[in-house]
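Notes to accompany the following structure.
Predicted model only: the values in this text are computed from it and were never measured. Side chains are part of it too, since the values below use all heavy atoms of this structure and drop only hydrogens, waters and symmetry mates.
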Amino acid sequence: MAEVTVRDVYKAYGAVRVLRGVSIDMHDGEFVVLVGPSGCGKSTLLRMIAGLEEINSGDILIGDRVVNDVAPKDRDIAMVFQSYALYPHMTVASNMGFSLEIRRKATDLITAAVGRAAGTLGLGDLLARFPRELSGGQRQRVAMGRAIVRQPQVFLFDEPLSNLDAKLRVQMRTEIKALHQDMGTTAIYVTHDQVEAMTMADRIVVMNEGVIQQIGHPLEVYDRPANQFVASFIGSPGMNFLEGTARQTADTSWVEMVDGTKLPAPRTDAEEGQTVIYGVRPEALTIDEEARSGLIARVDVTEPTGLSTLVFSRVADSITCAFTMDRLDLTRGQPIGLVPDVARVHLFDQASGVRL
Amino acid sequence: MITVGQSKARRLALHAGHTAGLAVFMVFAMFPLFWLVKISLTPNNLLYSEGITLWPSSITWDNYQFALLGSRFPRFFLNSVVVSLSSAAIVTLVAAAGGYAFSRFRFAGKVPIMFVMLLTQMVPLVMLIAPIFKIMSPLGLTNSLTGLIIVYTAFNVPFATFLMQSFFDGIPRELEDAAMIDGCTRLTALRRVIFPLTLPGMGATLGFVFTAAWSELLFALMLINSDDKMTFPVGMLTFVTKFSVDFGQMMAAGVLALIPACIFFAFIQRYLIQGLTAGAVKG
Ligand SMILES: Nc1ncnc2c1ncn2[C@@H]1O[C@H](COP(=O)(O)OP(=O)(O)OP(=O)(O)O)[C@@H](O)[C@H]1O
Ligand SMILES: [Mg+2]
């Protein structure tokens, strides 16, 4: 077990700057999830921690050792790839024992370690098979097994679940989390699925275009997003954004929409008259079926899931989503009022996207 | 159910068409071979007297006996085996190394090198005979099997390298990444993971170069002039004399020459089966 420190790391492929000054301190035993849209540099960062990619500048430390120039094999890490990367010409058992075999461990020791890992992952019956004879989910487990057999200092995961079907994904998510809690090994997990990020992480690192947007506990990132990007990326369905003008008097503040509606706003250091983005999550909107209060919108579609209902409605040209546990009887085109909970409203600077 | 019946009939028709097509192709491809065997077994006196028949009224092994015992054919044969096997082995090793580098590394001059290699494939070989002779002669490499091996290696390496490169390209890089994380150096990863997966590619390359060298005539004819250095295609020409062509003996030698090629392919065939990388990535 070890902490992992990434210090002001830059990376460019020719003229393409992939990582632009990334710093993260990952604590010993922590489960850190790197999340961000496709192409933001998550895999690149992970591969740099693994030693598979060179660093242009900055430092990476595992424990208190700078590993910038240490070969992957000497970093004491294990990695699970999105494609699983199982050795096709080896059986499941040899795949899982390969790292120990390369280190010339005794055969009975390898067999025992592989047996233990296979037991944990329910792979006992599959040890003699070849990867091509396994289902996607089983391959994923073998890849996990290969990583845990060695008991490394750090686990690296690069979207290990993205090739599984939705149900299996949820199941494996829980299993990986449980496994991590049992083993207590530092884990760095890359995903572009924000639900995975929220549910698994001790801390989330949100990245965009090679820059870290925010680092924090999942709920902290959810409740207090650093900027509009984080607010839009984390949470599903996503946060609603409405453009307006910040207004305030000595004891109240509000945002005036283009249509003149005044929406209550929290006290921020937004200047009077500043153009802002009014951000409110679907669950922070209450629906007034009589349309007597709040922002007046026209119902577009409703999506009941049984547990809850998502109500999409049209305000001016944009679609706003509201979440309700009530079973409302709404028809398309019907006017409703959207009443925001002011404690859960965020204002973002329109130009920079920074939360005010 | 009618639609199902129709589609079944359709499937059957398709299958029949498929099989018929293959059969036509097989007949077309195999007929010369059959003719080769037939003539090699036909007694000389029946060769012209019987007209064109599918099978002679009597057969003889005389031609084979002569080819094996009465001619220099065994010598030619041995020379060919040496030259073809050596060229195939050297080319495969060089091409595997080069193909791996092209597939995995970025280095200065990669594109120009690949371009030049491609360029060499565009020059008609006939144009190179004179210059090659001029180069080889002072080096004492004419009329020598070594010279022939060098020439064959030089001509086959570019194409074989591209072939091997495409095989390496087909092996996911992540396998090497995984191996290196698991504790391998790049070389161990190559030996333990990549090499076993490239065996089909090496088999194909080996087979390709072997056949090319086995049947090469032009350079063998130009560079070799003494009987004991002749390869088998050149040797075949010795059955053609100023006065006659001894078809029976020539065909018998031809049939014998097919045997090593067949053995060779039977041997590498199991490496040629595809799908060895199946199951490496995704599902
Ligand atoms: N070898 C390379 N050469 C040039 N550009 C590269 C190379 N590898 C990655 N990139 C670029 O670096 C950027 C980041 O890639 P990376 O694979 O880290 O993205 P990612 O965040 O993992 O995305 P995804 O979620 O799609 O996996 C991309 O724009 C990609 O095109
Ligand atoms: Mg990626």
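Contact residues of residues 96-104 of chain A toward chain B are A:F98, A:S99, A:E101, A:I102, A:R103 (heavy-atom distance under 4.5 Å).
Interface remark: A:R75 contributes no atoms to any contact with chain B (heavy atom separation under 4.5 Å).
Between the side chain of A:K177 and the backbone N or O of A:M200, at least one donor-acceptor pair lies under 3.5 Å. A:Q171 contributes no side-chain N or O that, together with a main-chain N or O of A:E175, makes up a donor-acceptor pair within less than 3.5 Å.
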Distance-only donor-acceptor pairs under 3.5 Å for side chains of residues 80-104 of chain B, two or more places apart:
| from | atom 1 | to | atom 2 | distance (Å) |
| --- | --- | --- | --- | --- |
| B:S80 | OG | B:F232 | N | 2.9 |
| B:S84 | OG | B:S80 | O | 2.8 |
| B:S84 | OG | B:W214 | N | 3.4 |
| B:S86 | OG | B:V82 | O | 2.5 |
| B:S87 | OG | B:V83 | O | 2.7 |
| B:T92 | OG1 | B:A88 | O | 2.6 |
| B:Y100 | OH | B:E176 | OE2 | 2.3 |
| B:Y100 | OH | B:R186 | NH1 | 2.9 |
| B:S103 | OG | B:D169 | OD1 | 2.8 |
| B:R104 | NE | B:E176 | OE1 | 2.5 |
| B:R104 | NH1 | B:F168 | O | 3.0 |
| B:R104 | NH2 | B:I171 | O | 2.8 |
| B:R104 | NH2 | B:E176 | OE1 | 3.0 |

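Side-chain atoms of A:F31 and A:D202, non-hydrogen and from C-beta on, do get closer than 4.5 Å to each other. Contact annotation: the side chain of B:V116 never approaches that of B:I113 to less than 4.5 Å [non-hydrogen atoms, C-beta and beyond].
Within a 6.0 Å radius of CZ in B:F105, other residues, nucleotides and ligands contribute more than 12 heavy atoms.
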